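Presented below is the structure to which this report refers.
Keep in mind that the numbers below use all heavy atoms, side chains included, and drop hydrogens, waters and symmetry copies. These figures come from a predicted structure and were not determined experimentally.
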Amino acid sequence: HLGFRRQATGTVVVGNYYPELRVVETELEVDGGWRGHEAGQFAFVTTDWKEGAHPFTIATAWDPAKRRIGFIAKELGDHTSGLRGHFAPGRRVRVEGPYGRFAFDDGKARQIWVGAGIGITPFVAKMRERAGRPEDTRVDLFHVTTDVSEVALAKMRADAQAAGVRLHLSVSGQGPRFDGAGLREAAPDWKDASVWYCGPNGLAAALKRDLVGAGLHRDDFHQELFQMR
């Protein structure tokens, strides 16, 4: 457990924009104030001192040799609509954290992950962590999305392959609608697994209701309550 809370200064070194998703992917190079993080945690980032800090889920595994921390953020409100400018390469920012305990450490040999929309972020981080530190846990990842970027999807497939994760893609309007029954059919051993979910609360409630009603232990359903902005 990383219990410390520290502030660090960082410089934006990578900035990618996926117009189909209205998503910005960025990486910062941080100074010694950042002591590391675990996949599934988040940080408060200040890019404009007038606007203050905003929370973002971390999308990268920690490598002390490279000292990089990355985020994947969707343009939603007033602040996030200007993310491309806020995270332009060379921009200096302040980072505080890490926070959160959505850390996948339940000891289960079988896990099922569900990342809906921008809720895919903690799972991207965990896949990148697994690629560097292989784990025996068998994982199926369901990514539920409305829009698709072929560039971003290619990166996700590469991350999944490197991490030994079985990836399932569910796109709105293409094929059956994602639900608990579909998950149970795609992962027949689901009763042996823990389920980790990040995304809209409505889908979380429906999925949990279905799985628990069909026999999943209630404590084996983990939801990230933090909503990234």
Side-chain angles (χ1 to χ4, degrees), residues 6-31 33-34 36-37 39-63 66-100 102 115-129 131 141 143-160 162 167 169 171-173 198-200 224 226-229:
R6 290 182 177 270
Q7 290 188 351
T9 300
T11 302
V12 179
V13 292
V14 175
N16 296 317
Y17 182 64
Y18 304 101
E20 304 94 333
L21 308 176
R22 291 180 291 114
V23 161
V24 175
E25 183 178 21
T26 186
E27 285 191 15
L28 320 175
E29 189 172 282
V30 290
D31 63 22
W34 189 261
H37 59 266
Q41 293 188 300
F42 67 94
F44 284 93
V45 183
T46 303
T47 59
D48 185 327
W49 271 251
K50 293 180 181 178
E51 295 190 6
H54 293 264
F56 294 97
T57 300
I58 299 169
T60 49
W62 177 245
D63 182 344
K66 293 183 178 179
R67 303 206 58 80
R68 296 257 184 118
I69 179 171
F71 306 98
I72 299 173
K74 189 175 183 68
E75 294 180 334
L76 296 172
D78 292 340
H79 173 74
T80 56
S81 63
L83 283 175
R84 279 173 283 175
H86 289 305
F87 287 119
R91 185 77 175 260
R92 297 282 287 172
V93 302
R94 185 175 66 198
V95 186
E96 178 187 334
Y99 296 101
F102 190 73
I118 199 65
I120 192 64
T121 305
F123 305 109
V124 171
K126 185 60 177 177
M127 286 193 294
R128 292 171 177 175
E129 182 178 276
L141 168 60
H143 179 37
V144 185
T145 183
T146 302
D147 304 297
V148 174
S149 162
E150 291 302 328
V151 175
L153 184 56
K155 288 185 177 182
M156 189 183 304
R157 283 175 171 148
D159 285 336
L167 177 65
L169 181 66
V171 182
S172 297
C198 186
E224 169 62 285
F226 170 76
Q227 295 297 308
M228 190 178 76
R229 295 291 184 265

Which heavy atom of [X] sits nearest a heavy atom of [Y], and at what distance?
{"X": "Val24", "Y": "Arg84", "result": "CG2-CG, 3.8 Å"}
{"X": "Phe123", "Y": "Gly115", "result": "CE1-CA, 3.5 Å"}
{"X": "Phe71", "Y": "Thr57", "result": "CD2-O, 3.5 Å"}
{"X": "Ala125", "Y": "Thr60", "result": "CB-N, 3.8 Å"}
{"X": "Ile72", "Y": "Ala59", "result": "CG1-CB, 3.7 Å"}
{"X": "Ala39", "Y": "Glu129", "result": "N-OE1, 3.4 Å"}

Would you check if [X] and [Y] make a side-chain contact, meaning some heavy-atom pair closer than 4.5 Å?
{"X": "Tyr18", "Y": "Asp147", "answer": "no"}
{"X": "Ile69", "Y": "His37", "answer": "yes"}
{"X": "Met156", "Y": "Leu167", "answer": "yes"}
{"X": "Thr145", "Y": "Leu169", "answer": "yes"}

Assess the side chains of Arg94 and Thr9: does a donor N or O sit below 3.5 Å from an acceptor N or O? no
For the residue pair Tyr17 / Glu75, report whether a side-chain donor-acceptor contact shorter than 3.5 Å exists. yes
Side-chain ([X]) to main-chain ([Y]) donor-acceptor, under 3.5 angstrom:
{"X": "Lys126", "Y": "Gly40", "result": "no"}
{"X": "Ser149", "Y": "Ala152", "result": "yes"}
{"X": "Arg91", "Y": "Gly85", "result": "yes"}

Thinking salt bridges, do Arg68 and Glu27 make one under a 4.0 Å N-O criterion?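 Yes, this pair counts.
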Is it the case that the ring center of Phe56 lies less than 6.0 angstrom away from the ring center of Phe44? no
My understanding is that only residues two or more places apart in sequence, or in another chain, count here; which of them pass side chain to side chain donor-acceptor pair (under 3.5 Å) with Arg128?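 By the side chain to side chain donor-acceptor pair (under 3.5 Å) rule, Arg128 matches Glu25, Asp159.
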So among His54, His86, Arg92, which one has a side-chain hydrogen bond (donor to acceptor under 3.5 Å, both in side chains) with Thr47? His86
